[in-house]
Amino acid sequence: MSERTLVLIKPDGVERGLTGEILRRVEQKGYRVAELKKVAATQVQLAEHYAEHEGKPFYQPLVDFMLSGPIVAAVVEGDGVISGFRSLCGVSDPTAAAPGTIRGDLGRDWGEKVQKNLVHGSDSAESAAREIRIWFG
Ligand code: IDP
Ligand code: MG
């Protein structure tokens with residue numbers, strides 16, 4: 001089986017009506033959306049998903065943001081998709097993210113304690129396996 005990554009369209013992306021545009025970019029790149037669902041994240045899922053960031057100043061704002069509305073979770077498949085989707089996303093800070101990327105084209109700084117940057121993508125094979133388990137069981 002080819003590589004799989006966990007993609008989340010965060011509450012800002014869903015709220016702004018960008019779900020289709022983000023999935024379009026994934027599909028247009030040639031990746032396959034293998035699983036897709038709209039969910040309300042739970043505290044337990046987010047504590048596990050963002051465990052590496054616990055204790056950082058943006059941790060609680062990040063969790064509150066992820067609880068603020070529905071998210072769309074997807075498993076995306078294709079050779080090289082883990083780093084390939086990170087490239088499609090651009091860097092975390094939407095102001096610095098390059099034009100042509102999801103965060104660079106569609107995101108901006110809103111002056112909040114957490115950067116609302118539309119999407120999450122797993123950063124390694126280990127993270128992908130762990131995160132797919134959290135969101136898809
Ligand atoms: P990533 O989503 O690009 O992998 P991470 O460093 O894993 O970025 O951080 C998780 C999320 O936390 C980011 O996507 C962003 O929403 C938020 N975040 C990260 N660093 C900061 C920061 O310095 N200030 C505010 N929010 C941040
Ligand atoms: Mg990360």
Side-chain angles (χ1 to χ4, degrees):
M1 197 202 300
S2 66
E3 198 171 271
R4 285 151 62 95
T5 195
L6 187 275
V7 170
L8 299 178
I9 302 175
K10 297 180 178 184
D12 57 335
V14 175
E15 164 70 22
R16 290 178 55 206
L18 295 172
T19 301
E21 169 63 20
I22 291 166
L23 293 176
R24 184 191 67 76
R25 289 173 181 233
V26 168
E27 292 191 321
Q28 214 159 57
K29 176 76 174 172
Y31 298 135
R32 192 177 83 86
V33 178
E35 306 279 350
L36 185 67
K37 63 181 179 184
K38 191 177 188 182
V39 292
T42 67
Q43 298 263 12
V44 169
Q45 283 174 313
L46 292 168
E48 202 179 341
H49 182 83
Y50 283 128
E52 64 172 313
H53 296 304
E54 206 190 332
K56 295 181 185 172
F58 62 84
Y59 176 76
Q60 197 55 50
L62 174 61
V63 170
D64 292 343
F65 162 51
M66 293 297 285
L67 290 169
S68 70
I71 67 171
V72 169
V75 176
V76 177
E77 203 171 272
D79 294 294
V81 70
I82 295 172
S83 67
F85 181 72
R86 299 274 295 184
S87 295
L88 286 185
C89 282
V91 298
S92 309
D93 175 358
T95 301
T101 66
I102 292 166
R103 289 163 168 172
D105 285 349
L106 309 175
R108 52 161 283 195
D109 194 320
W110 298 93
E112 297 186 25
K113 287 181 186 145
V114 59
Q115 286 292 2
K116 294 183 170 177
N117 56 10
L118 302 163
V119 277
H120 167 84
S122 308
D123 63 9
S124 67
E126 295 68 36
S127 299
R130 192 176 68 83
E131 293 170 358
I132 289 169
R133 219 180 313 113
I134 293 169
W135 297 95
F136 286 92

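Residue numbers run from 1 in the order of the sequence given. Read the numbers this way: they start at 1 and go in the same order the structure lists the ligands and their atoms.
Panel note: side chain E15, backbone G69; no donor-acceptor pair is recorded below 3.5 Å.
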Can you produce the list of protein nitrogen or oxygen atoms under 3.5 Å from a nitrogen or oxygen of ligand 1, alongside each distance?
from	atom 1	to	atom 2	distance (Å)
ligand 1	2 (O)	R103	NH2	3.1
ligand 1	3 (O)	S92	OG	2.6
ligand 1	3 (O)	R103	NH1	3.1
ligand 1	4 (O)	R86	NH1	2.8
ligand 1	7 (O)	H53	NE2	2.8
ligand 1	8 (O)	S92	OG	3.1
ligand 1	9 (O)	H53	NE2	3.3
ligand 1	14 (O)	K10	NZ	2.9
ligand 1	14 (O)	N117	ND2	2.8
ligand 1	16 (O)	K10	NZ	3.2
ligand 1	16 (O)	Q115	O	2.7
ligand 1	26 (N)	Q115	N	3.1

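Cation-pi geometry between K37 and F136 is met: the NZ or CZ atom falls under 6.0 Å from the ring centre, inside 45° of the normal. Cation-pi geometry between R133 and W135 is not met at under 6.0 angstrom from the ring centre and within 45 degrees of the axis.
When E35, E131, E77 are each tested for a salt bridge (Lys or Arg N to Asp or Glu O under 4.0 Å) with R4, only one passes: E77.
Using a 4.0 Å cut-off between a side-chain N of Lys or Arg and a carboxylate O of Asp or Glu, R25 and E21 qualify as a salt bridge.
What you find for L118 and D12 is that their closest heavy atoms are N-OD2, 3.1 Å.
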